[in-house]
Amino acid sequence: MKKIILGIFMAAAMISCQKSTEAKDFKTAYIDTNKLLEESTEAKDLKAKYESILEEKGSRIKVEADRLKSEQNSFTANAQKNGQAWAQQKYGELQQREQEIQYASQMVAQQVQGEHGVEMDTLVARYKKMIKTYGKEKGYDYVYGTGESATVLYAKDQYDITKEIIKLVNDKYKTEDKKEEKPVAKKEDSKK
C-alpha cells in the first residue's frame, strides 16, 4: 500500500515537473493593437482616405449652411420691413432648411463612418491572418493583443513584437501597392 501511495506521489511529482518545464518552454509575445492601427501605413492611408471623403462631402453641406446663415442674417433685417406674416413663414422655412442641413450632415458622417468601419474590419481580419502566420513562422506558442480590449494584464517589454508587426504589415502593404499600380498604369496607357 505504501508503495502504491509512494508511486502515485512520485508520478504526480514527475507530471508536475514536466508541466512546469513545458510552461517554461513557451515562447510568447504581445502586440499593442492600438499602436499597430495607429502606425501602420495602410491604416493611416485608410484614415486619410475617409477624412478626405468626409471633408469633400462636408464642404458641400458647408456651402449650404453658409448660404442659410446668410439668409438668416438678412431675415432679421427684412423681418420688420415685410411684416409679421412674412416673418413667420420665412422663419419656418429657415428652420426647416436648417434641420435638413443638420440631417444631411449626420447622414454623411454616418455613411462615411460605416464605410470606414467595414474597411477597418477587413484590415483587422487581414492583420490577424498575418500575425497568425508570423507567429507560426517565428515559433511562438502565444501572441497576445493589448489595446482597448486588452487580453494581457502584464507583459515584459521583451515580449512586445509590435514594431516587428508594424514593419511586416507596412512592407506587405508597400509590395501590394506596387503590384496594384502596374495594372492601373497599363489601363491609363491604353486609353491614350
Side-chain angles (χ1 to χ4, degrees), residues 30-79 86-135 143-153 160-185 187-188 191:
Y30 74 95
I31 299 166
D32 183 337
T33 54
N34 287 341
K35 193 173 185 179
L36 173 62
L37 292 175
E38 288 171 6
E39 294 184 17
S40 71
T41 306
E42 188 173 7
K44 287 178 185 177
D45 288 351
L46 199 59
K47 181 180 178 185
K49 171 186 169 182
Y50 281 98
E51 285 175 350
S52 173
I53 290 170
L54 186 59
E55 187 177 316
E56 177 190 328
K57 290 182 177 187
S59 67
R60 294 180 207 153
I61 293 172
K62 187 177 181 335
V63 168
E64 284 297 314
D66 290 344
R67 189 177 304 146
L68 175 65
K69 190 74 168 168
S70 174
E71 285 184 41
Q72 287 173 332
N73 290 338
S74 67
F75 164 77
T76 54
N78 293 327
W86 178 88
Q88 287 178 343
Q89 180 183 355
K90 187 68 172 177
Y91 182 75
E93 291 172 10
L94 292 174
Q95 275 189 321
Q96 183 178 353
R97 282 188 46 214
E98 184 175 24
Q99 289 174 348
E100 289 171 355
I101 289 170
Q102 288 174 348
Y103 178 74
S105 178
Q106 290 171 351
M107 291 304 294
V108 164
Q110 287 176 353
Q111 178 190 8
V112 170
Q113 186 178 12
E115 291 171 2
H116 179 255
V118 168
E119 282 200 56
M120 282 302 292
D121 289 347
T122 302
L123 178 69
V124 167
R126 195 166 57 250
Y127 282 3
K128 283 181 181 180
K129 286 180 185 175
M130 290 172 65
I131 291 166
K132 183 177 181 179
T133 302
Y134 180 86
V143 176
Y144 301 99
T146 64
E148 289 179 22
S149 58
T151 56
V152 174
L153 298 176
D160 185 357
I161 61 170
T162 307
K163 288 180 183 176
E164 295 171 42
I165 297 299
I166 290 170
K167 182 180 179 344
L168 174 73
V169 298
N170 286 343
D171 290 347
K172 186 160 179 79
Y173 178 62
K174 286 177 188 174
T175 59
E176 287 175 359
D177 194 31
K178 289 178 184 176
K179 289 177 187 176
E180 290 177 14
E181 285 179 14
K182 291 178 183 176
V184 173
K187 289 179 183 176
E188 290 176 1
K191 291 180 182 178

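Remember, predicted model here, so these are calculated numbers, not experimental data. Quick note: numbers below take in every heavy atom, side chains included, and nothing from hydrogens, waters or symmetry partners.
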Contacts of D171 that satisfy salt bridge (charged side-chain N to carboxylate O under 4.0 Å, His left out) - sequence neighbours left out: K167
For Q99, all residues meeting side chain to side chain donor-acceptor pair (under 3.5 Å), sequence neighbours excluded: none
Mind checking what makes side chain to side chain contact (heavy atoms under 4.5 Å, CB included) contact with M107, not counting sequence neighbours? Y103, Q110
What residues form a side chain to side chain donor-acceptor pair (under 3.5 Å) with K132, not counting sequence neighbours? none
Sequence neighbours excluded, the answer for side chain to side chain contact (heavy atoms under 4.5 Å, CB included) partners of A104 is I61
Sequence neighbours left out, what passes side chain to side chain donor-acceptor pair (under 3.5 Å) with E93? Give chain and number order. Q89
List the residues meeting ring-ring contact (aromatic ring centres under 6.0 Å, His included) with Y50, not counting sequence neighbours, and say none if there are none. H116
Across all chains, not counting sequence neighbours, the side chain to side chain donor-acceptor pair (under 3.5 Å) partners of D32 are none
Return the set of residues passing salt bridge (charged side-chain N to carboxylate O under 4.0 Å, His left out) with E38 (not counting sequence neighbours), or none when no residue passes. none
So, using side chain to side chain contact (heavy atoms under 4.5 Å, CB included) as the criterion, who are the partners of E100 when residues are at least two apart? Q96, R97
Considering residues at least two apart in sequence or located in another chain, which fulfil the side chain to side chain contact (heavy atoms under 4.5 Å, CB included) criterion with L168? M130, Y134, I165
Who pairs with E55 by salt bridge (charged side-chain N to carboxylate O under 4.0 Å, His left out), at least two apart in sequence or on another chain? none
